[in-house]
Structure formats: C-alpha cells, structure tokens
**Q** 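Questions regarding the structure given below will be posed in turn.
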Amino acid sequence: MKIQLLPSTFDENGSASPLQHLTCFIIDDCVAIDAGSLAMAASNNQRSQIRDVVLTHAHLDHIAGLPLFIDDLFSTLDAPVFVHATKEVIEALEQNIFNWTIYPRFCELENMNGTVMKYQPFEIGKEFSVKHLRLRSISVNHRVPTVGFIISDGKTTFAISGDTAEVDGFWQILNSEENLSALLIECAFPNELVELADASHHLTPLGLKRELSKFNRKKCSVYVINIKPMYREAVIQQIEELEIENLQILKVGNVYEW
Ligand SMILES: [Zn+2]
C-alpha cells in the first residue's frame, strides 16, 4: 500500500515545502483521506483516478480542497465523487460549505453524465469498503465529531488518528489489531502551549508520549503528522528529546510504501 501526504505550500523554487498547513493523504493514487490540499496538490494521475474522499472531520484544514476539486473536475466527471463521512460531518458540510453561499451545493448538480458528488455516510465502528480498501472508523477526542481510521488493503494495515486529544477507546481497538504496519498520529502544539492544545483538543509532545504509552506497539512504525507550521521546529525538537523508539516525522510529499 502506498500513502502520500500531499504538500500544502510551495517554496520560491516551486518545490513542496515541509510545512503541513492542510491535511490530505492519498492511498494508492486513488483514495483520498481528508481533502485539505486535494485540489491544489494532487498529480494529474491522482486527479484522474480519485473519485473517493474519506473525511475524518469537517475542519477547514481537512476539507478546503474538496469544493475546488469537484469544481475542477465538474464537466469531465463520468461518475460522481463519493464523499465518505459520518452523518455529523455531512451535515456540517451541507450547512457551512456546500450551501450556495460559500460554494454550490454540488450534490444537487449534474453534468452531462449525471450527479457529480454523492455522500456515502458511514457509521462509527462499522467496517466499510472504499475501492480496494477496508476501513473502520474509530471515534477520537476533538472539538467537533472526529474519527480516526484503521485501513487495510488485505495485505497491509495501518491506522491514522485524525485530530485528537487524549483517548482510550482508540488504543484499545488498535491494541487488538494483529498486524499494524504503521500508525500516523497528530502532535499539533509544543509543550508550552498545552493550554491551547487542551482547549482545541490536540496533542503536545508530552501528550503524545502519554498516549503512546497506552499503545502495545509490537513492530509498528509511528509517524507524527499535523504539526502546526508555526511551531514545527519546537515540536520536532521536543519530540526528539523524548527519545521515543521507532518514531519519525512523516515527510510531506514523500511516498511511503508499507
Ligand atoms: Zn481539527
């Protein structure tokens, strides 16, 4: 299974910057997990293949690229873009984004071939299929309804936390998973901003260490994601000082294969 965190911004030479402002993971060039930079940074190959977008939650940094992605493809789509999300996230998108004020209500629009966008609600805890993948959503602890996922292609399985603060059920489910190859977990703020992290339901490096102590890790590689760009250096330094074994920072734009 191949996974890539799409870039959010570019430096003066046009190369991807290591900063992660937005969240959008592409699996095997055909399924998007979150859509933060989907319209802005997907390759032409990915753009032509991705017709399934799976959302963790409705925060802007995770959905910003979704309206633009459908807009860019509108006249060329011969099948709808499926948006897989919980009922709460779909309601938030319909009320606040696809409401004819911020952007068109694409689920009501058709091109020559039919509907351009369709919602596929999933229930928390139940498995569902997207293309060749099996996904199971797990409720996590954020300011809005948010899920993480366990994702498998039948050979490889990995987990992603979504945006979250302290959790317990998430770890119980991950610990019961036999062959987890990788875990992607957030760490947004440095330790000195623990109050802001608590108020916005995110992790600091110390919080990350506490959370990972609940994880029966076996041989699983752990990658840190969703570091706020402004605090990136401080967060990385504090994570390194914790000397957590088998942990690295996920590199923007890199293609990982597990
Ligand atoms: Zn969030």
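The structure displayed is predicted, hence computed values, not measured ones. We count ligands from 1, going down the list as the structure has it; atoms in each ligand are counted the same way.
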**Q** Can the ring centroids of Tyr119 and Phe82 be said to lie less than 6.0 angstrom from one another?
**A**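 Distance test on ring centres: not under 6.0 Å, no.
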**Q** Determine which pairs satisfy side-chain hydrogen bond (donor to acceptor under 3.5 Å, both in side chains) with at least one residue from residues 153-162, sequence neighbours left out, and list them in order.
**A**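 Output for this query lists Ser152-Thr157.
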**Q** Counting no waters, how many protein N/O/S atoms sit under 2.8 Å from the Zn ion (ligand 1)?
**A**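 Count of protein N, O, S atoms less than 2.8 Å from the Zn ion (ligand 1): 4.
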**Q** Not counting sequence neighbours, list each pair that qualifies as a side-chain hydrogen bond (donor to acceptor under 3.5 Å, both in side chains) and has a residue in residues 61-77.
**A**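 Those involving residues 61-77 are Asp34-His62, His62-Asp163, Asp71-Tyr103.
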**Q** Counting the benzene-type ring for Trp, do Phe189 and His202 have ring centres under 6.0 Å apart?
**A**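 Yes, close enough.
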**Q** I'd like to know whether NZ of Lys131 has more than 12 heavy-atom contacts from other residues, nucleotides or ligands below 6.0 angstrom.
**A**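 Enclosed: over 12 neighbouring heavy atoms sit under 6.0 Å from NZ of Lys131.
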**Q** Quick one: salt bridge (Lys or Arg N to Asp or Glu O under 4.0 Å) pairs with a partner in residues 89-107, sequence neighbours left out?
**A**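 Salt bridge (Lys or Arg N to Asp or Glu O under 4.0 Å) check on residues 89-107 returns Glu94-Arg105, Arg105-Glu108.
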